[in-house]
2 protein chains.
Amino acid sequence: MDTRVKPTVVKLGGSVITAKEKAFTPNIPSINRLAKEIAEARLDSVILIHGGGSFGHPVAREYQIVEGYKTPGQRIGFSKTRQVMMALNKLVIDSFIRQNLPVVAVQPSACTTTKGGRIQHFDVTAIQHLLRLGFIPVLYGDATLDLELGFTILSGDQIAAELATIFNAEKMVIAVDVDGLFTDDPKSNPNAKLINEISLKELNGLLDSIDEAKTVDVTKGMQGKITELIPAVERGIQIDIVNASIAGRLYKTLKGEKVTGTKITRG
Amino acid sequence: MDTRVKPTVVKLGGSVITAKEKAFTPNIPSINRLAKEIAEARLDSVILIHGGGSFGHPVAREYQIVEGYKTPGQRIGFSKTRQVMMALNKLVIDSFIRQNLPVVAVQPSACTTTKGGRIQHFDVTAIQHLLRLGFIPVLYGDATLDLELGFTILSGDQIAAELATIFNAEKMVIAVDVDGLFTDDPKSNPNAKLINEISLKELNGLLDSIDEAKTVDVTKGMQGKITELIPAVERGIQIDIVNASIAGRLYKTLKGEKVTGTKITRG
């Protein structure tokens, strides 16, 4: 395996690998299909990250993990949050192994520490070695230790942007359950248009105007997602947001084919 | 949680948490009982490590993981070995959570690298923070990246000795399915006697004489285990080997009560 090959960072949103509205319910057919699309794309080097969807979020919310350590009663909630994320991760890994992909889970909380919710320490030694040997490291949003908060939630999006930056990724592919960024919320405004391509400068302009005019679709946590991803774009790494709940779109994006979605470039 | 409290390192052997002779078969009643004994001991600070038993070993052997990376065909075996160890770990964690113990899995391979099978790099940042917040970090024997071999197997015993040393443990409790070290193999020699206490010097003498006279019981991988643990004893950390397949023995050992077993001291 050529170590100079730039990895493609693929983030599978929680919405495409779980039934988001039903707690602890994986979307196995979708996970299997995405595993197949990634296998068929035959990329030289991949880092995979997935979200928590209906596994991580309900437990983390119940015990207010993102807010940090306040009472000893939260400790068992932290344990449980870690545990459900590993349960979901196991299902993802099982599915990818069935596609004969050499995926290897790397528990984010074992090698990262955050400070005020931002990655402060990331030991990527294992990931580096895995990439060199041709493995696909798989990470996920996790409950992690935090220097200020005690503990908190580290999102898969932040991990994706950080690893894309560290390993100078070829590009980042963000697989979600919507077509991409819109000029307005497509559910309330039938005139909302999908943004096919946008530069960082244009995007920042849109984000600044959100509070006043809501000129960009910020539903489904898209604004938070974009904010997490921007640092990687600033380093020159292109982002493709793609609707992975529609068969074939992830595959085509990975192959560099033209597909419905939003491309974010440094411009 | 007082950060100056010395943690007790507890290693649960694969033989007491799985049905060793039946592949991928956990010993759930035993895991549950051990979780209860540890909960009832109410220790201030614990690091837990468990072995692979009938989960890790069959897969690791099939793909010759311990020998290192030789062919791309081994990669999927490495993936599978990691996966079965996480499956076993999940069962252990589930059981301990049911005892309301704030256990948190820390994937060893995400924060360690070995060189020729020996730990070369161990990022203990997460473990340190977990102990400070009163959590019980749980690690396990794992398939890990190796600077010389590509990958290999890192034993739970080596992890236990390393963490006991790093965190200056109160003591190490090694839970196995035999009573301890014997003067000879108790299965073939009815005159074999259990060694209640032995100093490092005496132990080294016995180990040196093994090849000629087999004067110490080296069945069940006990010799390899002892060799892994000795570095911690050299640093002054006492080891209690105890038969955890007999109810109450682990509990009593944790409470410092007198119990059948072998104590190894620096002397």
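Predicted model only: the values in this text are computed from it and were never measured. Throughout, protein chains are lettered first and strands after them, A, B, ... in sequence-line order, and every chain is numbered starting at 1.
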Sub-4.5 Å side-chain heavy-atom contact between H129(B) and L147(A): yes

Any donor and acceptor pair, going by atom type alone, linking the side chain of S79(B) with main-chain N or O of V103(A) inside 3.5 Å? yes

Does anything in residues 148-156 of chain B reach chain A? List residues with heavy atoms under 4.5 Å apart, or say none. G150(B), F151(B)

Taking only heavy atoms into account, what residues of residues 105-116 of chain B are found under 4.5 Å from chain A? A105(B), V106(B), Q107(B), S109(B), A110(B), C111(B), T113(B)

Check the surroundings of atom NZ in K255(B): do more than 12 heavy atoms from other residues, nucleotides or ligands lie under 6.0 Å from it? yes

Output the residues of residues 23-34 of chain B for which the shortest heavy-atom distance to chain A is under 4.5 Å, in residue-number order; output 'none' if no such residue exists. none

side-chain contact (heavy atoms from CB on, under 4.5 Å) between F135(B) and I76(A), intermediate numbers included: CA-CA 9 Å; F135(B) 287 103; I76(A) 201 75; over 6 Å; no

To the nearest 0.5 angstrom, please state how far the CG atom of D123(A) sits from the OG1 atom of T125(B). 7.5 Å

Below 4.5 Å from any heavy atom of chain A, which atoms of L101(B) appear? Answer side chain, backbone, both or neither. backbone

Can you list the residues of residues 80-98 of chain B that sit under 4.5 Å from chain A, counting heavy atoms only? K80(B), R82(B), Q83(B), M86(B), A87(B), N89(B), K90(B), I93(B), D94(B), I97(B)

